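No hydrogens, no waters, no symmetry mates; every other heavy atom, side chains included, goes into these values. Chain naming here is simple, since letters A, B, ... match the order of the sequence lines and numbering starts at 1 in each. Not measured: the values here are computed from a predicted model.
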There are 2 protein chains.
Amino acid sequence: MINIYTDGACRGNQNTFNMGGWGFVLTDKATGKARHCWGHEANTTNNRMEMTAAIKALHAIRNRSRSEVTVYSDSNLMVKGMTEWLSGWKAKGWKNSGKKPVENKDLWVQLEELSALHNVTWQHVKGHNGNAGNELADQLANRGADGQQGKQDFVGGM
Amino acid sequence: MINIYTDGACRGNQNTFNMGGWGFVLTDKATGKARHCWGHEANTTNNRMEMTAAIKALHAIRNRSRSEVTVYSDSNLMVKGMTEWLSGWKAKGWKNSGKKPVENKDLWVQLEELSALHNVTWQHVKGHNGNAGNELADQLANRGADGQQGKQDFVGGM
RNA sequence: GGACACCUCCUAUA
DNA sequence: TATAGGAGGTGTCC
């Protein structure tokens, strides 16, 4: 049983330079160990940061044997995307309900590939609801958005 | 040289009560003056409001001597209608390509009559693309749709 | 099938 | 207030 809390943040807006941050908290019930990572990226969007957080977390366990994984995120977009919309997008050539191209296809594809390696449950949580894991992931993401040097290049297994 | 930006809005849908708004911005290069007007109408459609916005604007200059006028709209329907389809509709007894009656004939007729008084150029602009004139017309139309009292009864020349 | 609009709703971010 | 993203839908034309 692996629990992952993810969060993304993004400072600034539109055409002006902005800075995004992502963070995740990963706890392994079996080993009792936890680890947290964060990073940042320039000129991005809040939604890309939310997705990137999950990609980084899943990437961290890509070499593990197939496990029960639960990803908690306050991004309704990501949770609904992975659980309800993804199959439809692929069937319709990555077009959304308005017949326009789905945004951030590159990240959706990565999420699908990485989540296929385990039995992943996607769970939506309300942001800032006192949930300890979500609060910590939020802090990590903001640490990234603030430009603090994180473990962006984290690639190892646990 | 008169430039006109128009936009329409319509809140709600189908069988329930809805409220539409129209707005235009009219700038006269010669005098350097600008004016903006808006209004609202109940139980209408988005397309009727787009057309109404242009009708109100052209009506405002109906008594002016023949002028060069450019109407900017994000309604592909109205721009194509006035520049490409109108002559065909009249030749075919106001039937569209599907042999069904053209909708909103009353407004198309008004647009044709009013635009015949000047040398009107119809120009399509993408909505919400940072175009200042279009943005302002959008705000005026929404002001109308929100039910704010506008200059619905505007009839005067400039 | 294509195009341009117009909404209703949901979540996050600043 | 605004942007970034998604689901539904209608209004209209070709």
Side-chain angles (χ1 to χ4, degrees), chain A residues 6-16 18-22 43-51 53 73-86 88-89 92-105 107-108 124-129 134 137-138 141-142 145, chain B residues 6-16 18-22 43-51 53 73-86 88-89 95-105 107-108 124-130 134-135 137-139 141-142 145:
Chain A
T6 68
D7 198 29
C10 192
R11 307 221 192 289
N13 51 5
Q14 63 228 34
N15 18 32
T16 171
N18 73 41
M19 177 65 83
W22 56 266
N43 297 319
T44 183
T45 69
N46 62 326
N47 290 329
R48 286 188 71 84
M49 286 296 95
E50 303 272 11
M51 296 170 75
S73 169
D74 58 19
S75 169
N76 200 45
L77 177 65
M78 183 170 69
V79 173
K80 291 270 198 177
M82 292 307 292
T83 57
E84 298 181 19
W85 304 330
L86 184 59
W89 291 337
K92 293 187 296 182
W94 291 95
K95 295 291 191 301
N96 65 22
S97 71
K99 284 152 187 164
K100 314 252 276 194
V102 172
E103 297 292 325
N104 308 318
K105 176 186 169 184
L107 301 183
W108 291 115
H124 180 251
V125 294
K126 279 290 279 185
H128 312 290
N129 240 21
N134 181 256
D138 181 73
N142 280 302
Chain B
T6 70
D7 197 29
C10 190
R11 306 224 193 288
N13 51 6
Q14 65 232 32
N15 21 28
T16 173
N18 75 41
M19 177 67 83
W22 56 264
N43 297 318
T44 181
T45 69
N46 62 325
N47 291 327
R48 287 188 69 84
M49 293 318 283
E50 301 273 10
M51 296 169 75
S73 169
D74 59 20
S75 170
N76 204 43
L77 177 65
M78 183 169 68
V79 172
K80 292 271 196 178
M82 293 307 293
T83 57
E84 298 180 20
W85 304 330
L86 183 59
W89 291 337
K95 294 291 191 297
N96 65 24
S97 70
K99 283 156 186 161
K100 314 251 280 190
V102 172
E103 297 290 326
N104 306 318
K105 175 185 169 186
L107 301 183
W108 290 115
H124 177 71
V125 294
K126 277 290 276 186
H128 312 109
N129 238 22
N134 179 260
E135 300 285 344
D138 180 74
Q139 288 179 8
N142 279 302

Q: Please enumerate all residues that pass side chain to side chain contact (heavy atoms under 4.5 Å, CB included) together with B:Lys105, with sequence neighbours excluded.
A: B:Trp94, B:Val109

Q: When rounded to the nearest 0.5 angstrom, what distance separates CE in B:Met49 from CH2 in B:Trp22?
A: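 Reported to 0.5 Å precision, the distance equals 8.0 Å.
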
Q: Contact class for B:Gly127 (heavy atom, under 4.0 Å): base, sugar-phosphate, or nothing?
A: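 Contact class for B:Gly127: sugar-phosphate only.
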
Q: Please identify each residue that fulfils side chain to side chain contact (heavy atoms under 4.5 Å, CB included) with B:Thr45, with sequence neighbours left out.
A: B:Asn47, B:Arg48

Q: Quantified as the angle between the terminal helix axes (five pairs each), what is the overall bend of the helix from C:G1-D:dC14 to C:A14-D:dT1 to 10 degrees?
A: 20°

Q: Phosphate oxygens OP1/OP2 of C:C6: is one of them under 4.0 Å from a side-chain N or O of B:Asn142?
A: no

Q: Only counting residues at least two apart or in another chain, list the ones meeting side chain to side chain contact (heavy atoms under 4.5 Å, CB included) with B:Met51.
A: B:Met78, B:Asn104, B:Leu107, B:Trp108, B:Leu111

Q: Can you name the atoms? Protein N/O to nucleotides 12-14 of chain D N/O, anything below 3.5 Å, with the distance.
A:
{"residue": "D:dT12", "atom": "OP1", "partner": "B:Thr45", "partner atom": "OG1", "Å": "2.7"}
{"residue": "D:dT12", "atom": "OP1", "partner": "B:Asn104", "partner atom": "ND2", "Å": "3.0"}
{"residue": "D:dT12", "atom": "O5'", "partner": "B:Asn47", "partner atom": "ND2", "Å": "3.2"}
{"residue": "D:dT12", "atom": "O4'", "partner": "B:Asn47", "partner atom": "ND2", "Å": "3.0"}
{"residue": "D:dC13", "atom": "OP1", "partner": "B:Glu103", "partner atom": "N", "Å": "2.9"}
{"residue": "D:dC14", "atom": "OP1", "partner": "B:Trp89", "partner atom": "NE1", "Å": "3.0"}
{"residue": "D:dC14", "atom": "OP2", "partner": "B:Ser97", "partner atom": "N", "Å": "3.0"}
{"residue": "D:dC14", "atom": "OP2", "partner": "B:Ser97", "partner atom": "OG", "Å": "3.2"}

Q: Identify, with sequence neighbours excluded, every residue that meets salt bridge (Lys or Arg N to Asp or Glu O under 4.0 Å) alongside B:Glu135.
A: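 Here no residue qualifies.
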
Q: Is there a side-chain contact between B:Lys126 and the phosphate of C:C4, meaning an N or O under 4.0 Å from OP1 or OP2?
A: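 B:Lys126 to C:C4 OP1/OP2: side-chain N or O found under 4.0 Å.
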
Q: Among all residues two or more places apart in sequence or in another chain, which pass the side-chain hydrogen bond (donor to acceptor under 3.5 Å, both in side chains) test with A:Asp138?
A: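 By the side-chain hydrogen bond (donor to acceptor under 3.5 Å, both in side chains) rule, A:Asp138 matches A:Asn142.
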
Q: Checking B:Glu84 now: which residues fulfil side-chain hydrogen bond (donor to acceptor under 3.5 Å, both in side chains) with it, not counting sequence neighbours?
A: B:Lys80

Q: Looking at C:A12, C:C7, C:A14, which one has an atom nearest to any side-chain atom of A:Arg11?
A: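 Among the listed nucleotides, the one closest to the side chain of A:Arg11 is C:A14.
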
Q: My understanding is that only residues two or more places apart in sequence, or in another chain, count here; which of them pass side chain to side chain contact (heavy atoms under 4.5 Å, CB included) with A:Lys126?
A: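 Scan of A:Lys126 (side chain to side chain contact (heavy atoms under 4.5 Å, CB included), adjacent residues dropped) gives A:Asn129.
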
